[in-house]
J.: 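What follows is a single structure, and I will ask about it in a moment.
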2 protein chains.
Amino acid sequence: MTDSKLRGQYAKGEARREEILDRAVEAFGKFGYHATSMREIAKVCGLSQAGLLHYYPNKEALLLALVDRREQNQAHEITKDIALWVDGILKQEAANEKEKALTQLWANLVGEATDPAFPAHSYFVKRYSRTRKDMAQQIAGISGHQQPTEEDQVKAAILVALWDGLQTQWLLDPKFDMKRYFEYGLTMLTRYSQFK
Amino acid sequence: MTDSKLRGQYAKGEARREEILDRAVEAFGKFGYHATSMREIAKVCGLSQAGLLHYYPNKEALLLALVDRREQNQAHEITKDIALWVDGILKQEAANEKEKALTQLWANLVGEATDPAFPAHSYFVKRYSRTRKDMAQQIAGISGHQQPTEEDQVKAAILVALWDGLQTQWLLDPKFDMKRYFEYGLTMLTRYSQFK
DNA sequence: GTCTATATGCTGATAGAC
DNA sequence: GTCTATCAGCATATAGAC
């Protein structure tokens, strides 16, 4: 079934949809979700506005497709090897740095998603909650705990915050060396304990 | 000169302007800058749209006035007493938690301000740069350094990131106990050193 | 699958009456 | 100081031709 997608109209349409998402990420990332019109996105896709609506019936559908795709590209396993873990995180960080448009979009969306009436609000809430849980599990793993301790959970929230916050500063100022700060923070989190 | 403002038309106008800012903070905070119309703000102020424009000639002027006012309310001195410093930061954090609308506005704006074309983009860039510098000075002070060390500067950026990042998580989920995480992070930052 | 044409409504902003 | 009336522009969305 998946292979059959590679031929025929369906595959073509799917490819087009992917391409549209790529352009949309760029546009939304630059100007924000609300400030970017479907016309503009259509334009950078070489489509008319009505043509774009053929693929994504409205703006919200486009947004959700975008967010969903990012989701799927970020699945990762849990490891007990601390070096491997740090490595994995830094790789993800590097990926975010490379895909600036997507990172920018994310920063933009999170701000807007704060409003409960935002189309993807509950998605963001769940997403953050799950990320914290996963991080806590991961930190417990490398700390030799069966279950995440209170401190593991606190560290997880801090790590998530650090990630977002450093990205913000980097987005505002491209010279900001996010990686350096992130590495320091990671090391600190792995080495420090309240009880030492 | 300042006293004379308290009487007459000028004082009245000033009070009205302040009131408008209060309402605007709320509106922008909820829905973001771009997604909030001048008409909506006018409405919650009990004004017509043209009436609102009498006080702030355009949308951008309103935004800048807002950001400017927050700026002035956040000036603070440098202390060498670590407990005093932590106390001051936690007070500011509590204030942000109380003034949810303003915090929300800030989160929203920072996301949008990432775009160089955003009206207040350069303001945000400068603001963050200065905050990092101030924080580094402050951290140097409580660490007994004459000048901020490299590590002090890294810690400053991390603290700023932590602040933003935890606020984001709290805004998404009001049950998120931001203060607890912030306290942990502050303690960690003051106790930990790369060289220990 | 993509287009043109069009409907309807909201945007920021201006002009000018009161 | 506040209003109504109005503008040009752009938004999302639909209908229907090719």
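Proteins come first, then strands; the chains are lettered A, B, ... in the order of their sequence lines, and each starts at number 1. Owing to the predicted nature of the structure, the values given are computational and were not obtained by experimental measurement.
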J.: Using atom NZ of Lys59(A) as one end and atom P of dC10(D) as the other, report the distance to the nearest whole Å.
T.: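 Checked: the NZ to P distance equals 15 Å.
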J.: Name the one of Leu189(A), Thr149(A), Asp152(A), Thr190(A) that satisfies side-chain contact (heavy atoms from CB on, under 4.5 Å) with Ile139(A)?
T.: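 That would be Asp152(A); it is the only one of Leu189(A), Thr149(A), Asp152(A), Thr190(A) passing the side-chain contact (heavy atoms from CB on, under 4.5 Å) with Ile139(A).
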J.: Which part of the nucleic acid, if any, lies within contact of Leu47(A), taking any heavy atom under 4.0 Å across all strands shown: a base, the sugar-phosphate backbone alone, or nothing?
T.: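 The answer is sugar-phosphate, as Leu47(A) gets under 4.0 Å only of primed atoms, P, OP1 or OP2.
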J.: Roughly how many Å is it from CG in Leu53(A) to P in dT4(C), rounded to a whole number?
T.: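 It works out to 14 Å between those atoms.
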J.: Could you check whether any side-chain N or O of Ser129(B) sits under 3.5 Å from a backbone N or O of Val125(B), counting only pairs where one atom can act as donor and the other as acceptor?
T.: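 The answer is no, because no donor-acceptor pair under 3.5 Å joins these two groups.
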J.: Looking across every strand, which nucleic acid part, if any, lies under 4.0 Å from Ser37(B) by heavy atom: base, sugar-phosphate, or nothing?
T.: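 Sugar-phosphate: the residue Ser37(B), judged by heavy atoms under 4.0 Å, touches backbone atoms but no base.
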J.: Could Lys59(B) and Tyr33(B) be counted as a cation-pi pair, given that NZ or CZ must be under 6.0 Å from the ring centre and within 45° of the axis?
T.: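 Yes, cation above the ring, under 6.0 Å and within 45°.
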J.: Using a 3.5 Å distance criterion without hydrogens, assess whether the side chain of Thr79(B) forms a donor-acceptor pair with backbone atoms of Trp85(B).
T.: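 No: the side chain of Thr79(B) does not pair with the backbone of Trp85(B).
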J.: Counting side-chain heavy atoms from CB outward, which of dT4(C), dT6(C), dG12(C) is closest to Arg39(A)?
T.: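 Out of dT4(C), dT6(C), dG12(C), the nucleotide with an atom closest to Arg39(A)'s side chain is dT6(C).
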J.: What is the separation between atom CD on Glu19(B) and atom C1' on dG1(D), rounded to the nearest whole Å?
T.: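 Answer to the nearest Å: 14 Å.
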J.: May I have the distance from His54(A) (atom NE2) to dT14(D) (atom C1'), rounded to whole angstrom?
T.: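 Atom-to-atom, His54(A) to dT14(D), this comes out as 15 Å.
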J.: Under the 3.5 Å rule, do the base of dG1(D) and the side chain of Arg16(B) count as making a donor-acceptor pair?
T.: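 Counting by modelled atom types and ignoring angles, no donor-acceptor contact under 3.5 Å is found here.
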J.: I want to verify a distance call: between dC3(C), dA13(D), dT4(D), whose nearest atom is closest to the Ser48(A) side chain?
T.: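 Nearest to the side chain of Ser48(A) among the choices is dC3(C).
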J.: I'd like to know if Gln49(A) reaches the base of dA11(D) with its side chain such that a donor and an acceptor end up less than 3.5 angstrom apart.
T.: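 For Gln49(A), whose side chain was compared with the base of dA11(D), there is no donor-acceptor pair (under 3.5 Å).
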J.: Roughly how many Å is it from OH in Tyr56(A) to P in dT12(D), rounded to a whole number?
T.: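 My rounded result for the distance is 16 Å.
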J.: To the nearest Å, give me how far apart CZ (Arg17(A)) and C1' (dG1(C)) are.
T.: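 In whole Å, dG1(C) C1' lies 13 Å from Arg17(A) CZ.
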J.: With DNA chain C as reference, determine whether Ala50(A) or Glu60(B) sits nearer its 5' end, using the nearest nucleotide of each.
T.: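 Counting from the 5' end, the first nearest nucleotide belongs to Ala50(A).
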J.: For Lys43(B) and dT4(D), what is the distance between atoms NZ and C1' respectively, to the nearest whole Å?
T.: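 Rounded to whole Å, this separation is 18 Å.
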J.: For Glu40(A), answer base if it contacts any base atom (sugar-phosphate contacts may also be present), sugar-phosphate if it contacts only those atoms, and nothing otherwise; contact means non-hydrogen atoms under 4.0 Å.
T.: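 Sugar-phosphate: the residue Glu40(A), judged by heavy atoms under 4.0 Å, touches backbone atoms but no base.
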J.: Looking at Trp106(A) versus Phe124(A), is the centre-to-centre ring distance below 6.0 Å?
T.: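 Between Phe124(A) and Trp106(A), which both carry aromatic rings, the centre distance is below 6.0 Å.
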J.: Specify the separation, in whole Å, of atom CE of Met38(A) and atom C1' of dC10(C).
T.: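 Taking atom C1' of dC10(C) as the reference, CE of Met38(A) is at 18 Å.
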